[in-house]
Amino acid sequence: MTTSEYKKAVDQIGPRLLQFAHRQVGQLELAKDLVQDSFIVLLDKLDHVEMAKAKSFLFAVLSNKVKDHFKLLKKQTEVQDYHRIADNESRAMEDKEIVHMALSKLNERDRMLIAYRDLEGYKYDEIGEMMNLTATQVKVYLFRARKTFKSEILKLEVAL
Amino acid sequence: MKEFDLEKYESIFFNLIEGNYSKPEEEAILEEIEANSFLKFEWDNWQKAMLEDDSEAYALENAAFFDALKDDADAVKVVPIWSKNRIAAWLPYMSLAAACLLIVFMFTINLKQNAEAEAELVEVETKKVQTSDTQLQKDEVLTEENAVIPEPVVAEKAVEPADPSGVIPIIVEESAPQQELIVSVDGTKEDKPEDVIIDFDADESEIEESASPEIIIADASPTIPPQNEIVEEPIEVYQRAFTVTTETVKKKDRVISQRELASMNVRKLLQDKRIKLVNIGNKTYVQLESPDQETVLVGLSQ
């Protein structure tokens, strides 16, 4: 991959990576850091990655970095944010924010599955390849993830 | 059509969201959902559990962030100094510039060398006028035997004619051998410069800045009594015999203007310098020599 192809990848894949990371970690600045780290990894391996495989490479790197992030971060922080928002009945939340909050209630695997499927349109086998799962496992986990996601949204709507 | 399985409605909704049904199956399920309020409520909740693609909004709102990511590529990739792209692209232009500089330098050196080169050599025809060995004795009669009539000698290299606008070229002779000189205008045979009778005062005042000046410094022709002048004594006129020598001397052109010529102290020039006539090409010049100064050649006429 050349430098010009790298810059093209930033324009085409960068926004999608940022959206994905933001949906995973819930914080835009943290998501930017994770996306930047992912592109730095790509720069290190620029000569070994082809342009056609840049998207899957970047998403795989970002997924690992998101996992590493959550290993170091207490989930309690996200729960606290949820309760703080829920207690503030006067605060108006848009549907987008409700979805975002509900998504943060899911575990890492479920968030990634939903993001890969809804935002990037990956097939079950592609998601399985990136997350080291079989296609059947991806489908099953994704089903459970959507059920949980729906329940969390309902809870937030009821709470607000 | 099969009866909608309410126990498995969530799986049905999941596959419907995932797009795993065909078009006819999808339409049938939607009809069932619309017909059942509970299913409709659940279906609305299931549709909320789908993320929307907002990547375009992310791209617009975070453009500076992505530009910085692109700049990282330029910062990380260090271009080697001797890379082909950087050096090879400039080599032809550098070579051309070096060649032009070399040509200009060589041309400048060549001009300088030409300027410093030896002056053009010209053959100067010198006519000794009325020297002791050429002058007729007072009682001697000029005959064909003792008359030496010089043949015209044309110098190989001629001096450029004077500028008709009034600039008179003066040829400075750098190393002409000393010769006996003196022009006598009254027929005497004296060799002293002070014996040269020249109305140089009149010459100086008569020197005008004309388009075609004619300056006569010395008249080597036989004395002709001025008009309207009473001649008390008869003037003896001799036919002079000339000896002609041709010598090659260095020529150094120095052009002076009429004004500069007029400012010359011709009287002093004539007092200090020894005078002789020289022929260069078709022009006649008076050569003024001085032991301690450079020789000056003055054109007699245009």
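Letters A, B, ... are given to chains in the order of the sequence lines, protein chains preceding strands, and every chain is numbered from 1.
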task = Tell me, out of A:Leu154, A:Leu142, A:Ile114, who's got the most heavy-atom pairs with chain B below 4.5 Å.
result = A:Leu142
key: Distance in Å, A:Leu42 CG paired with B:Leu69 CG, rounded so as to fall on 0.5 Å steps   =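 A:Leu42 CG to B:Leu69 CG: 10.5 Å, rounded to 0.5 Å.
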key: Spatial distance of atom CD (A:Gln12) from atom OG (B:Ser55) [nearest 0.5 Å]   =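 The distance works out to 11.5 Å.
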So what's closer than 4.5 Å to chain A heavy atoms on [X]: side chain, backbone, both or neither?
{"X": "B:Asp67", "value": "neither"}
{"X": "B:Phe65", "value": "side chain"}
{"X": "B:Asp71", "value": "neither"}
{"X": "B:Ile17", "value": "side chain"}
{"X": "B:Asn62", "value": "side chain"}
{"X": "B:Glu52", "value": "backbone"}

key: Pairs flagged by salt bridge (charged side-chain N to carboxylate O under 4.0 Å, His left out) wherever residues 53-67 of chain A is involved - sequence neighbours left out   =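 For residues 53-67 of chain A, and leaving out neighbouring residues, the salt bridge (charged side-chain N to carboxylate O under 4.0 Å, His left out) pairs sorted by first residue read A:Lys55-A:Glu120.
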For [X], is it the side chain, the backbone, both, or neither that has a heavy atom closer than 4.5 Å to a heavy atom of chain B?
{"X": "A:Val99", "answer": "side chain"}
{"X": "A:Asp44", "answer": "neither"}
{"X": "A:Leu28", "answer": "side chain"}
{"X": "A:Leu18", "answer": "both"}
{"X": "A:Phe39", "answer": "side chain"}
{"X": "A:Ile40", "answer": "neither"}
{"X": "A:Leu119", "answer": "both"}

Heavy-atom count around [X] [atom1] within 6.0 Å, excluding the residue itself: above 12?
{"X": "B:Glu26", "atom1": "CD", "value": "yes"}
{"X": "A:Arg144", "atom1": "CZ", "value": "no"}
{"X": "A:Glu126", "atom1": "CD", "value": "yes"}

Closest contact, heavy atoms only, [X] versus [Y]:
{"X": "A:Arg117", "Y": "B:Asn20", "answer": "NH2-OD1, 4.4 Å"}
{"X": "A:Tyr6", "Y": "B:Lys70", "answer": "CE2-CA, 4.4 Å"}
{"X": "A:Lys139", "Y": "B:Phe14", "answer": "O-CZ, 3.7 Å"}
{"X": "B:Ala59", "Y": "A:Pro15", "answer": "CB-CG, 3.4 Å"}
{"X": "A:Arg23", "Y": "B:Leu51", "answer": "NH1-CD2, 3.2 Å"}
{"X": "A:Ile153", "Y": "B:Lys48", "answer": "CD1-O, 3.4 Å"}

key: A:Arg146 with B:Glu18: basic N within carboxylate O range, under 4.0 Å   =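 Salt bridge present between A:Arg146 and B:Glu18.
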task = Give me the ring orientation class for B:Tyr58 and A:His22: parallel if the planes are under 30° apart, tilted from 30 to 60°, perpendicular past 60°.
result =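 B:Tyr58 vs A:His22 ring planes: perpendicular.
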request  = Check the pair A:Arg16 / B:Asp53 against side-chain contact (heavy atoms from CB on, under 4.5 Å), numbers first and verdict last.
outcome  = CA-CA 8 Å; A:Arg16 308 193 77 83; B:Asp53 186 7; 2.9 Å; yes
